[in-house]
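Just so we're on the same page: letters track the sequence lines, and every chain starts at 1. Note: hydrogens, waters and symmetry copies are ignored here, and every other heavy atom, side chains too, is used.
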Amino acid sequence: MSRYTAVKGMNDILPPDSLRWSRMEEDLRLLAARLNYQEIRTPVVESLELFQRGLGETSDVVQKEMYVFEDKNGNKLALKPEGTAGFKLALKPEGTAGVVRAFIEHSVGIEKPGPHKLFYIGPNFRYERPQKGRYRQFHQFGLEIFGDPTPEMDAELIYAASMILDHFKVKGEIRVNSIGCPACRPAYREKLIEYFRPKAEELCGDCRRRIDSNPLRLIDCKVDAPRDRWNDIPLITDHLCPQCASDFERLKKALAIFHVPFVVDPFIVRGLDYYVKTAFEITADTGGTQNAIAGGGRYDNLVAETGGAATPATGFAIGLERLLSVVPEDFYGMQPLAMGFALFDGGVADLVHLTKHLSHHPVRYMAEYTPRKFKNALQKANKLGARHIFIFGEDEVKNQQVLYKDLATGDQKTFGQHEVMAIVAMLMDKEIRK
RNA sequence: GUGGGUGUAGUUCAAUGGUAGAGCACCGGAUUGUGGUUCCGGCUGUUGUGGGUUCGAGUCCCAUUACCCACCCCA
């Protein structure tokens, strides 16, 4: 064990995993571009207050999972007329709050008409006990749309999520719900409280406490499994106001037109306070119990609550660790490796030349400049998993040639040293046929 | 924050309380410029850390720490 290790819950990404990561990120950017999402990059740190106000003071994330610290210039900032805003800082636990802040700060919604479609990709931080699929530094890719109130846009967003699943050959279940709005949710909440209060004795300790504080989440309790025990639990979908109910119908209709496979799950509850109306989650078998790979919904009031002009908005985020854990192992193939060797000191200069020439082409190649015996060169290439090797021995150098051998088939061939294009063409051809 | 499991070589794992080992990996070799297999040789340890019990602790006890899994919650 080395003296220094990575901080708990924060992981190194090494080859070959790093290749899967960068390819996945590349694909996500391309997919986002198809529906005209443009990238936004916000800082990893924001003021603590932004998250407290945005995500909700009582949310678990804010209450116990934030990485909070004080800015060294805290005192100066505190002297600002606004008061102490900005004094305390936090590593971002999710992506939306910072995007909303930037959207407002730079008047994006004012300078051009909506919808404004943005995507982000990057690290987030939550102070939780790590377990399979849950880490203190984790990464998300998210889409956010500002300035469009329609349920059809929600449907398009969910469609984008399903495109991502399809692209990566992931089998996920898309579950949608409407969680109402400030006009209808409070009444539903009361109904739930009324429903569960008489049953308090039958609930676990956690749930008894949650009856009043968070009855919606109580439904998800795994200890009591309320959904299995009672089939007459009031459903939000039966208590929506006319506007929410109508929007929910439009959402489902549009999803059907997009051919997005989904199920209605009236028990979906989002963990953050800002969601209204459309809420959805995507689950998949990640090998652990953390099977939610993506989630999102509409947040029409957040921009105004953060200090901007009233702007309807909707968005979702996908957890990249979790996504990658369900992307098929062989989804990304590795380009075969080519290697170059010299058999004696006199071949090294020619080997350097080959490296120089091949470096201009998109082949995966590396050389070893310490001369080796023929047999050792083959052994080494094998150990490194190389397929193509180029050899400069005495005969080759004398004739201005290079010996090529395909370690997979055993074929070999001699090229003139100036036939670089022929060599590259051959490598590319083999790659396509692979 | 709560519970459970595991810490021994680079790695995966052994070792009735009695001298810490094996496979893999790595390095070298099996006579001339043809590999993967095989064979031979070599290298590697504060047994996570600190106490305690014992003639003697990798092994038993206590504490501590790290990782893993699960709860809570979420991506």
Q | Mate of B:G1 where both pairing distances stay under 3.5 Å, Watson-Crick or G-U | A | B:C71
Q: Name the nucleic acid region contacted by A:E396, choosing base, sugar-phosphate or nothing; use a 4.0 angstrom heavy-atom cut-off, strictly under.
A: base
Q | C1'-based separation of B:G17 from B:C60 [nearest Å] | A | 8 Å
**Q.** Closest non-hydrogen atom pair, A:G319 against A:Q140
**A.** CA-CG, 4.4 Å
Q.
Check this for me: does any side-chain nitrogen of one of A:R23 and A:E25 sit under 4.0 Å from a carboxylate oxygen of the other?
A. no
Q. Using purine N1 to pyrimidine N3 plus N6-O4 or O6-N4 for Watson-Crick, or N1-O2 and O6-N3 for G-U wobble, both under 3.5 Å, which nucleotide pairs with B:G45?
A. none
Q: Grab the CD-P distance between A:Q131 and B:G4 for me, whole Å please.
A: 16 Å
Q: Mind calculating the distance between CG (A:L378) and C1' (B:G33) to the nearest angstrom?
A: 9 Å
Q: Specify the separation, in whole Å, of atom CG of A:N382 and atom C1' of B:C26.
A: 16 Å
**Q.** B:U12 and B:U32, which share atom name C1', separated by this distance in whole Å
**A.** 40 Å
(Q) Tell me whether the rings of A:Y159 and A:F258 are parallel (<30°), tilted (30 to 60°) or perpendicular (>60°). (A) parallel
**Q.** Base B:U34 paired with A:K405 side chain (donor-acceptor, <3.5 Å)
**A.** yes
Q. Please give, in whole Å, the distance from B:U34 P to A:R372 CZ?
A. 16 Å
Q: Round to a whole Å and report the spacing from CG of A:N376 to P of B:G35.
A: 11 Å
Q: Under a 3.5 Å limit for both distances, which nucleotide forms a Watson-Crick or G-U wobble pair with B:U11, could you say?
A: B:G23
Q: Run the salt-bridge test on A:K8 and A:E128 with the 4.0 Å N-O cut-off and return the result as yes or no.
A: no
Q. Which part of the nucleic acid does A:G410 contact within heavy-atom distance under 4.0 Å: base, sugar-phosphate only, or nothing?
A. base
**Q.** Any N/O donor-acceptor pair, A:Q290 side-chain to B:A70 base, under 3.5 Å
**A.** no
Q: Mind calculating the distance between NZ (A:K383) and P (B:A25) to the nearest angstrom?
A: 8 Å
Q: Choose from B:G35, B:G33, B:C71 the nucleotide whose nearest atom is closest to any side-chain atom of A:L407.
A: B:G35
Q) Nearest of B:C71, B:C74, B:G29 to any side-chain atom of A:R126? A) B:C74
Q. Within 45° of the ring axis of A:Y127 and under 6.0 Å from its six-membered ring centre, is that where the NZ or CZ of A:R136 lies?
A. yes
**Q.** Residue whose nearest RNA chain B nucleotide is more 5′ - A:I391 or A:A6
**A.** A:I391
Q: Report the distance from atom CG of A:L143 to atom OH of A:Y37, rounding to the nearest 0.5 Å.
A: 5.0 Å
(Q) Strictly below 4.0 Å, N to O, side chains only: are A:E46 and A:R101 in salt-bridge contact? (A) yes
Q: Using atom CD of A:E128 as one end and atom C1' of B:A75 as the other, report the distance to the nearest whole Å.
A: 10 Å
Q. Considering only the P atoms, how many Å lie between B:G21 and B:G45, rounded to the nearest integer?
A. 12 Å
Q. Which part of the nucleic acid, if any, lies within contact of A:N124, taking any heavy atom under 4.0 Å across all strands shown: a base, the sugar-phosphate backbone alone, or nothing?
A. nothing
Q) Want to settle it: does A:G9 or A:V61 sit nearer the 5' end of RNA chain B, counting the closest nucleotide to each? A) A:G9
Q | For B:A66, the Watson-Crick or wobble counterpart (both distances under 3.5 Å) | A | B:U6
Q: Considering only atom P, compute the distance from B:A66 to B:A14 and round it to an integer number of Å.
A: 24 Å
Q.
The side chain of A:R129 is closest to which nucleotide in this list: B:U34, B:C71, B:C74?
A. B:C71
(Q) Please name the nucleotide paired to B:C55 by Watson-Crick or G-U wobble geometry with both distances under 3.5 Å, or report none. (A) B:G18
Q: Could you please name the option among B:G35, B:C71, B:C67 that lies closest to any side-chain atom of A:T289?
A: B:C71
Q) Looking only at atom P, what distance separates B:U34 and B:U47, rounded to whole Å? A) 47 Å
Q. If you look at every strand shown and take non-hydrogen atoms under 4.0 Å, does A:Y135 touch a base, only sugar-phosphate, or nothing?
A. base
Q. Is the shortest distance from a Lys or Arg side-chain nitrogen in A:E281 or A:R175 to a carboxylate oxygen in the other one below 4.0 Å?
A. yes
Q: Give the rounded distance in Å between these two atoms: CD of A:Q412 and P of B:U34.
A: 10 Å
Q.
Work out how far the P atom of B:A63 is from that of B:U6, and round it to whole angstrom.
A. 16 Å
Q | Nucleotide nearest A:K8 when distance is taken to its side chain, options B:U34, B:G33, B:C67 | A | B:C67
Q: Considering only atom P, compute the distance from B:A9 to B:U49 and round it to an integer number of Å.
A: 11 Å
Q: With P as the reference atom in both, quote the distance from B:G36 to B:A30 in angstrom, rounded to an integer.
A: 14 Å
